[in-house]
Amino acid sequence: MELTPALQEDFDTVVRRNPGEAEFHQAVREVLESLGPVIAKRPEYVEMGIIPRICEPNKQIIFKVNWQDDAGRVHTNRGFRVQFNSALGPYKGGLRFHPSVYLGIIKFLGFEQIFKNALTGMPIGGGKGGSDFDPKGKSDNEIMRFCQSFMTELSGHIGHDIDVPAGDIGVGSREIGFMFGQYKKLTGRYESGVLTGKGLDWGGSRARTEATGYGTVFFAEEMLKLSKESFEGKKVVVSGSGNVAIYALEKVNKLGGTVVAMSDSSGYIVDEGGIDLEQLQDLKEVRRGRISEYAEANPGARFVEDGMIWDVPCDIALPCATQNEINIGGARALIKNGCTLVAEGANMPSTPDAIRAFAANGVRFAPGKAANAGGVATSALEMQQNASRDSWSFEHTEERLHDIMVGIHERCYETSEEYGAPGDYVVGANIAGFLRVADAMMALGVI
Ligand code: NAP
């Protein structure tokens, strides 16, 4: 899609300033493509330089992480924290440990996070971090030493009123525990609100583990309600088998749908009878095994090593693994097989041409910055509980999460209508998120 000349100029500056960061360019362009009508209506945003300011992180921290493996060998990784925008509150966003991590990935995630956090309506700014460390195949002690070394470098840049990291790919409650322990030791403070995604016994929130997956399904449920549909009887494909995917599966099951396929980076499984939640949790959360083992243990299931999970026929697709996992080929396969709704549990899993294909073929589409905002929203609820030294019940927290997702859906839908694109959740999410941040930036002056 064409950008207006002024937005094209802003985009060109982003590309020139951030060479080689393709994912960051993609994320910026996708937001700018929605903003033409906003800028036309509110020229003061241009005068105050809101677009170039929002595209430039407040701070980018890059550091070295040395750690020792079990054999005594020393390894060096690179750590990142991008503190993108704090107009609405302290920086908030996860840490990703994956070998593909580099500055461009962290910046794309941090940029998305600004608008996602704004959509939640909560007082949180946007940031993201991580490392090119690969946790796969590492012992618990190696993970601990890496996390401690990572936190030794990061600790000086975070705090409950400054920047509050959480988990993402490769970072779950085990890693958050090791990092929180090291932060506590370095600072001599039990500052619960410095990290979210903590264990329940040491400051965590009930329903945080489940929140992103549940939230994505709640969002999709709201989309279905508009056409008087529900998950009941629907066939669903969920990519990934990590934190987001597992709890999306659980909630789809509760709402009467059937998840027939899931994946990891080595391939996908198909189980037409419905993937068994308990078995998958034991395999992935306890034994940290590969998804192929599920098919080995279940005669009714099969494992496909080479191929695309999107070839599996479904009514609803929930991409919950990683960025750009649905390309145009994946989108065409979904459309051909009759998929009518795609809601992104992962961040930016659909490529721009896939999104265009969904729009052209009437597939309802929810972008990650709206559909997966339940995770960060519940992190903000964890911060609230930490600040008041309180601990809420699962039911209460889930109810808050549900209300937040219904609110985000409403905000996105109404904004899409207001800007002449009813039901276009990309437009709705980008504009609604942008307006909240831009207005706060205007109010705070040029700083
Ligand atoms: P996770 O627990 O580490 O699980 C990631 C899953 O995706 C694993 O099954 C992994 O398979 C698969 N995967 C990763 N890279 C892949 C690749 N290149 N190709 C195919 N599969 C790949 O991470 P997560 O927390 O569920 O996060 C999943 C997505 O949701 C990410 O995009 C993340 O940014 C987004 N998200 C997460 C949260 C949250 O609260 N956790 C909140 C909002 C958005 P392997 O094990 O084989 O690598």
Side-chain angles (χ1 to χ4, degrees), residues 23 27 92-101 105-106 108-113 116-117 119-120 126 128-130 133-138 165-176 195-197 204-205 207-216 219 238-249 261-269 280-281 283-285 287-294 305-310 318-327 330 343-350 366-382 401 405:
E23 298 83 358
K92 183 88 199 80
L95 298 170
R96 175 177 292 192
F97 293 168
H98 193 271
S100 64
V101 163
I105 295 265
I106 300 299
F108 117 63
L109 290 164
F111 185 75
E112 289 272 297
Q113 198 82 43
K116 178 190 312 194
N117 293 4
L119 281 172
T120 66
K128 199 82 186 190
F133 172 74
D134 186 359
K136 254 190 227 121
K138 304 290 190 298
D168 190 78
I169 291 181
V171 178
S173 73
R174 172 181 62 167
E175 292 74 18
I176 294 289
L195 289 171
T196 59
S205 171
R208 172 61 188 93
T209 307
E210 294 81 357
T212 309
Y214 278 20
T216 301
F219 194 96
V238 178
S239 65
S241 48
N243 172 261
V244 180
I246 287 172
Y247 293 97
L249 162 68
M262 291 181 78
S263 62
D264 63 19
S265 57
S266 53
Y268 66 89
I269 52 164
L280 191 79
Q281 278 182 307
L283 172 64
K284 285 290 176 180
E285 295 183 327
R287 293 189 280 126
R288 295 181 190 273
R290 308 303 297 157
I291 198 124
S292 53
E293 295 168 45
Y294 179 96
E305 193 171 355
D306 295 314
M308 205 171 50
I309 190 171
W310 314 119
L318 305 176
C320 295
T322 195
Q323 64 276 356
N324 291 330
E325 55 169 314
I326 307 186
N327 59 17
E344 296 186 331
N347 284 311
M348 209 170 75
S350 313
K369 65 170 74 68
N372 72 36
V376 75
T378 309
S379 275
L381 298 179
E382 184 173 331
L401 165 67
M405 294 313 297

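Atoms within each ligand, like the ligands themselves, are counted from 1 in listed order. Since the model is a prediction, treat every value here as computed from it, not as a measurement. Keep in mind that the numbers below use all heavy atoms, side chains included, and drop hydrogens, waters and symmetry copies.
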### Task
Quick one: list whatever passes side-chain hydrogen bond (donor to acceptor under 3.5 Å, both in side chains) with Asn243, sequence neighbours left out.
none
### Task
Apply side chain to side chain contact (heavy atoms under 4.5 Å, CB included) to Ser263 and list each qualifying residue two or more places apart in sequence or on a separate chain.
Ser239, Tyr268, Ile309
### Query
So which heavy atom on Asn347 is nearest to which on Asn372, and how close?
OD1-ND2, 3.2 Å
### Task
Might you check, step by step, whether the distance between atom 38 (C) of ligand 1 and some protein heavy atom is under 4.0 Å?
yes
### atom 46 (O) of ligand 1: the protein heavy-atom neighbour that sits closest, reported with distance to 0.1 Å
Arg290 NH1, 3.5 Å
#### Entry: Between CE on residue Met308 and CG on residue Asn327, distance to nearest 0.5 Å
6.5 Å
### Message
Tell me the contacting part of Gln323 for ligand 1: side chain, backbone, both, or neither, using a 4.0 Å heavy-atom threshold, strictly below.
### Response
neither
### Summary
shortest atom 45 (P) of ligand 1-to-protein heavy-atom contact is with Ser265 OG, 3.5 Å
### Message
Check this for me - ligand 1, Leu109, N or O atoms closer than 3.5 angstrom, yes or no?
### Response
no
### Glu23 side chain near Glu112 side chain, heavy-atom distance below 4.5 Å
no
### Summary
Note: heavy atom closest to atom 28 (C) of ligand 1, options Gly242, Gly93, Ala321, Ala377, belongs to Ala321
### The one among Thr212, Ile169, Asp134, Thr196 that brings a heavy atom closest to atom 5 (C) of ligand 1
Ile169
#### Entry: 4.5 Å side-chain heavy-atom contact, Met348 and Pro319
no
### Message
Quick check on contacts: which atoms of ligand 1 are under 4.0 angstrom from a heavy atom of His98?
### Response
15 (N)
### Query
Is Val244 in polar range of ligand 1, meaning some N or O pair under 3.5 Å apart?
yes
### Message
Counting only nitrogen or oxygen atoms and a 3.5 angstrom limit, does Lys284 reach ligand 1?
### Response
no
### Message
Quick test: of every protein heavy atom, which one is nearest to atom 44 (C) of ligand 1, and how far off is it to 0.1 Å?
### Response
Asn347 ND2, 3.5 Å
### Query
In the protein, which heavy atom is nearest to atom 3 (O) of ligand 1, and how far is it?
Gly170 N, 3.0 Å
#### Entry: Spacing of CG belonging to Leu195 relative to CD belonging to Glu175, to within rounding of 0.5 Å
12.0 Å
### Query
Which one of Thr209, Thr322, Val376 has a non-hydrogen atom at the shortest distance from atom 17 (C) of ligand 1?
Thr322
### Message
Closer than 4.0 Å to some heavy atom of Ser241 - which atoms of ligand 1 meet that?
### Response
9 (O)
### Query
When you measure from atom 2 (O) of ligand 1 to every protein heavy atom, which one gives the shortest distance, and what is it?
Asn243 N, 2.9 Å
### Message
Applying a heavy-atom cut-off of 4.0 Å, say which part of Cys320 lies close to ligand 1: side chain, backbone, both or neither.
### Response
backbone
### Task
Could you check if a side-chain atom of Thr378 sits within less than 4.5 angstrom of a side-chain atom of Glu210, using non-hydrogen atoms only?
no
### NZ on Lys369 to CG on Leu119, rounded to 0.5 Å
8.5 Å
### Query
So how far is it from Met262 CE to Lys284 NZ, rounded to the nearest 0.5 Å?
9.0 Å
### Task
Determine whether Val244 and Val238 make a side-chain contact, defined as any pair of heavy atoms from C-beta on separated by less than 4.5 Å.
no
### Task
Specify side chain, backbone, both or neither for Arg96, according to which of its non-hydrogen atoms lie closer than 4.0 Å to ligand 1.
side chain
### Task
Enumerate the atoms of ligand 1 whose separation from the nearest heavy atom of Lys136 is less than 4.0 angstrom.
45 (P), 46 (O), 47 (O), 48 (O)
### Task
Find all atoms of ligand 1 within a distance of less than 4.0 Å from any non-hydrogen atom belonging to Gly240, and give their numbers and elements.
9 (O)
### Query
So which protein heavy atom does atom 33 (C) of ligand 1 come closest to, and at what separation?
Asp168 OD1, 3.1 Å
### Task
Scan Glu325, Gln323, Glu344 and name whichever one has a side-chain hydrogen bond (donor to acceptor under 3.5 Å, both in side chains) with Ser350.
Glu344
### Query
If we only count N/O pairs under 3.5 Å, is Lys116 in contact with ligand 1?
no
### Message
If I apply the N/O under 3.5 Å rule, does Asp264 come out as touching ligand 1?
### Response
no
### Query
Under a 4.5 Å cut-off applied to non-hydrogen side-chain atoms, are Leu249 and Gln281 in contact?
no
### Lys NZ or Arg CZ of Lys138 over Phe97 ring: under 6.0 Å, within 45°
no
### Message
With the threshold set at under 4.0 angstrom, would you say Arg208 reaches ligand 1 through any of its heavy atoms?
### Response
yes
### Task
May I ask you to identify, for Glu210, whether its side chain, its backbone, both or neither come under 4.0 Å of ligand 1 on a heavy-atom basis?
neither
## Note on the structure
The atoms of ligand 1 lying under 4.0 Å from a heavy atom of Asn372, numbered in the order shown, are 43 (C), 44 (C)
#### Entry: Smallest separation among heavy atoms of Val376 and Arg208, with atom names
N-NH2, 4.4 Å
